[in-house]
Amino acid sequence: MEALKKTATEQQTQTHHNQQTPFLLSALINSFSIYSCDPTPSAYSFIIKTLTQNSQFDQLPFVLDHIQNVENFEPPEQIFSHLIRVYGYANRIDDAVELFSRIPSFRCTPSALSLNALLSVLCKRKECLQMVYPVLLKAQVMGVRLEESSFRIIINALCKIKKIGYAIQMLEMMFEYGFDPDSTLYSCILSAMCKIKGISSVEVLGFFEVMRQKRFSLNMLDYTNVISLLVKVGKGMDSLGLLEDMKLDGIKPDVVVYTIVLDGVIASGEFNKAEELFDEMLVLGIVPDVQTYNVYLKGICMQDKFEAGFKLVFCMEELGCKPDVITYNTLIGALCKVGKVRRANEVLRKMRLKGFQENLHTYNMLIEGLVSEGEVVEACKLFEDMLNKGFVPMSFTCDVIIGGLCKKGLISQALQILKEMVKRDTTPGFSAWESLLSMSKMSLKEATSIDLVLS
DNA sequence: AGCTGGTCCC
């Protein structure tokens, strides 16, 4: 073994040409035959490690063939499970799968150790997931028994690709195998469920109920996931119940949970309840952060209480919770919505003075606000300002301006915007075409101009 | 894990 290791170290500094028997393998055979003993499994382990570390994968088949056909020892399974993982890292998926199937031919009985190695390799790659099922069938034929850890790998992979139905089936299969899946598997599925868009909240709540009946100790994330889903599907008031359950469960809701629930309550227009919730939070000693204040500010603005809104922003500064772009955007958006574009513009000026850079959202809201007030020329100025600052306009915003310009009969300016869009690879929306084409007074020359842009 | 409105017609 010492002789082999010495040879292996020397070999690294030498280059050598292709031979029938690779250098390290013959070194192994020689080193042991000098002392008239047989190579040990750990000697093979050593050269396999050396070869993989040097990325000499082309030599591995010779070594494996030698173990299979010449030696008689029963190699430990770790040699193969390790090599399967290494093949995975090297992106040699077919080699990994083939080695797994071949394990019995090495006088070794494969177990979940190798199977899990292969499953991990396959589950890490989206394009390999389709191979998981055939591998499981193969494993069954080979007499490999799935372990709890095997199920864990598969369920995690299924959750990642949002195949919740299959994940639940695997969960049920675990019972058939005599395993009792723990709460982490359920949490994993629950969290994946909540991320699926268009999932029915009834289904999620049903699953959540199963978790409760199993008397799992639910964690903060479980509650947060479900609460956030309820808010997303517009059942903000239902999230209040879960907030209570959470407290009864001994979990102290944090600022994130309160912010989500507050958002849900405000979205439902229950402003009194929102006040109550905000107070409750303060009483519990939870310090609102900028995101909480932004949600709270949205509620105030929804009630058109702009003075209170400005005051809140001032208080934030006093309390050391610096407002951010979203805070100012919330004010700007609310002001534009009720036609107070002038005041919205003042907010823009103020935020710039405070050193904040407006973003795409700020421009979108102000431009739309100006257009709906009939101030198309101002809107165009702002649009230009936005382009100069390097913002990529949203097609929606362009549509709004084109609509506004057409309404005022400013067709050539509208066409200018259209050209600007085409230049930036932005596709005009339906309403932009509608505005342009509905101009019955459009002259032939301008119609041709559209033609040119289109072609 | 949470905050800003966001994209055709019906």
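Here the structure is a predicted model, which means the values were calculated and not measured. Letters go in sequence order (proteins before strands), and every chain restarts at 1.
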Trainee: Check every atom of dG2(B), dT7(B), dC3(B) against the side chain of S395(A) and return the nucleotide holding the closest atom.
Mentor: dT7(B)

Trainee: So which protein N/O to nucleotides 8-10 of chain B N/O distances come out below 3.5 Å?
Mentor:
none

Trainee: May I ask you to say whether K381(A) pairs ionically with E378(A), meaning some side-chain N is under 4.0 Å from a carboxylate O?
Mentor: yes

Trainee: Tell me: CG of D263(A) to P of dT4(B), nearest whole Å?
Mentor: 6 Å

Trainee: Looking at dT4(B), dG2(B), dC3(B), which one has an atom nearest to any side-chain atom of V255(A)?
Mentor: dG2(B)

Trainee: I want to verify a distance call: between dT4(B), dT7(B), dG2(B), whose nearest atom is closest to the M394(A) side chain?
Mentor: dT7(B)

Trainee: Hey, would you say the F100(A) and F80(A) ring centroids sit under 6.0 Å apart?
Mentor: no

Trainee: F356(A) vs Y328(A) aromatic rings, parallel, tilted or perpendicular, using cut-offs 30° and 60°?
Mentor: tilted

Trainee: Among all residues two or more places apart in sequence or in another chain, which pass the salt bridge (Lys or Arg N to Asp or Glu O under 4.0 Å) test with E317(A)?
Mentor: K354(A)

Trainee: Less than 4.0 Å between a side-chain N and a carboxylate O, is that true for D182(A) and R152(A)?
Mentor: yes

Trainee: Which residues pass the side chain to side chain donor-acceptor pair (under 3.5 Å) test with K322(A), not counting sequence neighbours?
Mentor: none

Trainee: Would Y186(A) and F207(A) count as a close aromatic pair, with their ring centres under 6.0 Å?
Mentor: yes

Trainee: Got a salt bridge between R92(A) and D95(A), using NZ or NE/NH1/NH2 to carboxylate O under 4.0 Å?
Mentor: yes

Trainee: Quick one: list whatever passes side chain to side chain contact (heavy atoms under 4.5 Å, CB included) with E384(A), sequence neighbours left out.
Mentor: N388(A)

Trainee: Check each residue of residues 279-293 of chain A for a non-hydrogen atom within less than 4.0 Å of any atom in DNA chain B, then write out the ones that pass by number, or none.
Mentor: D289(A), Q291(A), T292(A)

Trainee: Closest to the V295(A) side chain: dA1(B), dC3(B), dT4(B)?
Mentor: dC3(B)

Trainee: When the distance from CG of L242(A) to P of dA1(B) is rounded to whole Å, what number comes out?
Mentor: 19 Å

Trainee: When we call it a touch if two heavy atoms are under 4.0 Å apart, what does V257(A) touch: a base, just sugar-phosphate, or nothing?
Mentor: nothing

Trainee: Answer with yes or no whether T330(A) presents, from its side chain, a donor or acceptor under 3.5 Å of a partner atom in the base of dT4(B).
Mentor: no

Trainee: Closer than 4.0 angstrom, basic N to acidic O: yes or no for D254(A) and K247(A)?
Mentor: no

Trainee: Can you list, in residue-number order, the parts of residues 361-383 of chain A that come under 4.0 Å of DNA chain B, counting heavy atoms only?
Mentor: H361(A), N364(A), M365(A), E368(A)

Trainee: Can you label the angle between the Y223(A) ring and the F208(A) ring as parallel, tilted or perpendicular, going by 30° and 60°?
Mentor: perpendicular

